[in-house]
Amino acid sequence: MTEQLRFRNLTLGYDRHPAVHHLDGAVRTGSLTAVIGPNGGGKSTLFKGVVGVIKPLAGRIERNGVRPQDIAYLPQVADIDRSFPISVYDMVAMGLWRGKGLFGGIGASDRDTVEGAIAAVGLTGFEPRPIGTLSGGQMQRMLFARLMLQDARVIVLDEPFNAIDAKTCADLLDLVRCWHTEQRTVLAAIHDLDMVKANFPDTLLLAREPVAWGKTAEVLTADNMLKARRMCEAFDEQAEACVVAA
Amino acid sequence: MLFDTFIAPFAEFEFMRRALAGTFALAFGAAPIGVFLMLRRMSLIGDAMAHAILPGAAVGFMIAGLSLFAMAAGGLIAGFVVAVGAGLIARSTQIKEDASLAAFFLISLALGVTLVSVKGTNVDLLHFLFGSVLAIDDPTLLLIVGIASLSLIVLALIWRPLVLECVDPGFLRSVSRAGGPAHIVFLALVVMNLVGGFQALGTLLAVGIMMLPAVTARFWARDITGMIGCAIGSAAASGWAGLLVSYHFNLPSGPAIILVAGALYAMSVLCGPVGGLIWLALPQKHLEA
């Protein structure tokens with residue numbers, strides 16, 4: 001069982017204040033892990049660290065052969081300019097960037113791939129539409145199609161199912177399960193614990209400090225949830241420097 | 001009659017043909033840049049940069065008189081200094097980029113006007129501020145055409161990161177580091193095209209042929225390729241019609257070109273098929289689905 005990601009005494013945060021504090025552990029290759037915890041618990045911060053958007057305050061992340069830019073990442077709030085005049089098709093095709101780079105042409109087989117991804121998320125017929133005309137759920141479907149094209153070994157989804165209706169949610173979950181069977185490593189921040197129980201074999205419960213990490217059934221205990229809830233959300237401006245050995 | 005009005009001035013006078021060629025070249029170079037400035041919500045940056053090139057051109061003028069290359073080189077240097085300087089100050093202090101750019105361009109404008117006035121006459125100053133499209137000579141024409149060609153080629157090269165940085169900068173950062181360099185190259189294109197436009201339209205109006213066709217195009221096309229096509233067409237049409245208006249009614253040609261572009265804009269706001277006011281005001285039945 002190989003490790004795709006290994007966190008070694010990892011502390012991530014902003015302005016020296018930790019948002020993820022002393023996290024140790026590994027994400028197995030091909031595993032499907034839910035990251036749960038209260039708002040402000042460090043889920044998004046951990047993901048930003050994994051994809052290299054922020055640098056660790058202490059400790060390190062080992063990615064075992066995968067470069068940060070090879071990780072497909074769906075942010076919680078994508079800063080997409082929805083008024084920009086670009087079509088759904090072009091937006092999805094951007095997922096081919098890794099293979100195509102700045103100048104690579106998009107040939108007939110690539111067009112089939114793009115069409116296939118658009119069909120897989122149920123957006124066939126939307127190709128020429130400007131992205132500004134999509135609903136929230138359709139937007140999320142489009143972003144999943146782009147993720148598919150990125151064909152990444154590691155996929156990080158930050159609260160992908162927020163404000164998404166049940167049908168869309170089920171469709172997109174199917175895609176996530178499909179990625180799992182393809183042995184891709186998937187990390188997803190999820191708030192719906194029933195969804196976690198039903199679909200995610202592994203769970204990390206994060207409340208700034210890692211509370212529990214392992215098989216979902218062993219993590220989702222009343223005791224652990226209570227511990228997570230006691231976590232204090234606000235930064236303490238008077239906080240002393242952390243003395244835990246780095 | 002039609003020939004007399006629309007073709008004859010160009011057939012008859014070489015300076016009119018040069019002016020037309022110059023404005024067409026400007027249309028191909030500057031209008032696509034304007035579309036990107038608009039989509040990046042940087043419409044007024046072009047204005048600021050246009051003022052910023054003035055002191056550089058003025059220093060070139062002081063050293064070498066009305067020498068094309070001295071003024072163009074001075075303008076390019078001043079434009080880059082201001083673009084980079086404003087960016088650096090924005091990053092190292094709490095002042096935002098637009099505020100520091102505003103400070104820079106006001107200083108530049110005052111400095112430029114002072115420099116030109118010290119060395120030259122009021123006629124020179126007018127040339128600097130409003131250009132003289134009817135006095136385009138061969139080297140100037142070559143410079144404008146060269147800048148337009150170069151900027152079209154470069155735009156094609158940085159197209160993907162430029163578009164992606166507008167629409168989804170977070171995604172671009174996650175797949176590539178091309179966003180930052182593409183932005184800098186794009187700013188360089190803005191400065192270059194303003195220096196080209198400066199020769200014909202002056203520092204105050206050069207930005208007009210860049211931005212007015214771009215905002216006009218927004219009312220005619222839904223996708224970016226169409227917008228750029230419309231912008232180029234509208235800029236070229238403004239050049240042609242503006243020169244004719246200036247010829248027939250004996251008006252200054254630079255302002256006439258920009259006024260025509262302005263008229264096209266006003267017309268598009270009213271009747272453009274994409275969100276024109278008339279279409280919004282017309283009662284239209286909603287569709288089945």
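Throughout, a chain's letter reflects where its sequence line sits, starting with A, and its residues are numbered from 1. The figures here come from the full heavy-atom set of this structure, side chains too, leaving out hydrogens, waters and symmetry mates.
Between Arg160(B) and Ile106(A), the shortest heavy-atom contact is NH2-CG1, 4.3 Å. Nearest heavy atoms, Asp79(A) versus Gly170(B): OD1-N, 3.4 Å. Across every non-hydrogen atom of Arg218(B) and Ser83(A), the tightest pair is NH2-O, 3.1 Å.
By the neighbour-count criterion of 12 heavy atoms within 6.0 Å, atom CZ of Arg222(B) is sparsely surrounded, having that number or fewer from other residues, nucleotides or ligands. Counting non-hydrogen atoms of other residues, nucleotides and ligands closer than 6.0 Å to CZ of Arg41(B) gives a total of 12 or fewer. Within 6.0 Å of atom CG in Asp112(A), more than 12 heavy atoms from other residues, nucleotides or ligands are found, so the atom counts as buried in its surroundings. Counting heavy-atom neighbours within 6.0 Å of Arg16(A) CZ, excluding the residue itself, gives a total of 12 or less. The number of heavy-atom neighbours closer than 6.0 Å to CZ of Phe28(B), taken from other residues, nucleotides and ligands shown, is 12 or below. The number of heavy atoms from other shown groups lying within 6.0 Å of OH (Tyr265(B)) does not exceed 12.
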Side chain to side chain contact (heavy atoms under 4.5 Å, CB included) between Val167(B) and Ile131(A): does it pass, once the steps are laid out? CA-CA 10 Å; Val167(B) 60; Ile131(A) 56 169; 3.8 Å; yes
Using side chain to side chain contact (heavy atoms under 4.5 Å, CB included), reason through Asp223(B) and Ile86(A) one step at a time and then give a plain yes or no. CA-CA 6 Å; Asp223(B) 67 301; Ile86(A) 187 171; over 6 Å; no
Under the side chain to side chain contact (heavy atoms under 4.5 Å, CB included) criterion, do Phe171(B) and Leu143(A) qualify, and how do the steps go? CA-CA 10 Å; Phe171(B) 178 74; Leu143(A) 293 176; over 6 Å; no
Between Asp168(B) and Met94(A), does the side chain to side chain contact (heavy atoms under 4.5 Å, CB included) criterion hold? Intermediate values first, please. CA-CA 10 Å; Asp168(B) 193 352; Met94(A) 297 281 193; over 6 Å; no
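The line from CH2 of Trp97(A) to CG of Leu172(B) is 5.0 Å long, rounded to the nearest 0.5 Å.
Looking at Leu74(A), neither its backbone nor its side chain comes within 4.5 Å of chain B, counting heavy atoms on both sides. Residue contact with chain A, scored on non-hydrogen atoms closer than 4.5 Å, involves the backbone and the side chain of Leu157(B) alike. Residue Arg67(A): no heavy atom, backbone or side chain, is found under 4.5 Å from chain B.
By number of non-hydrogen pairs under 4.5 angstrom with chain A, the leading residue of Ala156(B), Cys166(B), Ala221(B) is Cys166(B). Of the residues considered (Val163(B), Ile158(B), Val175(B)), Val175(B) shows the highest number of contacts with chain A, using heavy-atom pairs under 4.5 Å. When the candidates Lys100(A), Gln150(A), Arg98(A) are compared by the number of heavy-atom contacts under 4.5 Å with chain B, Gln150(A) comes out ahead.
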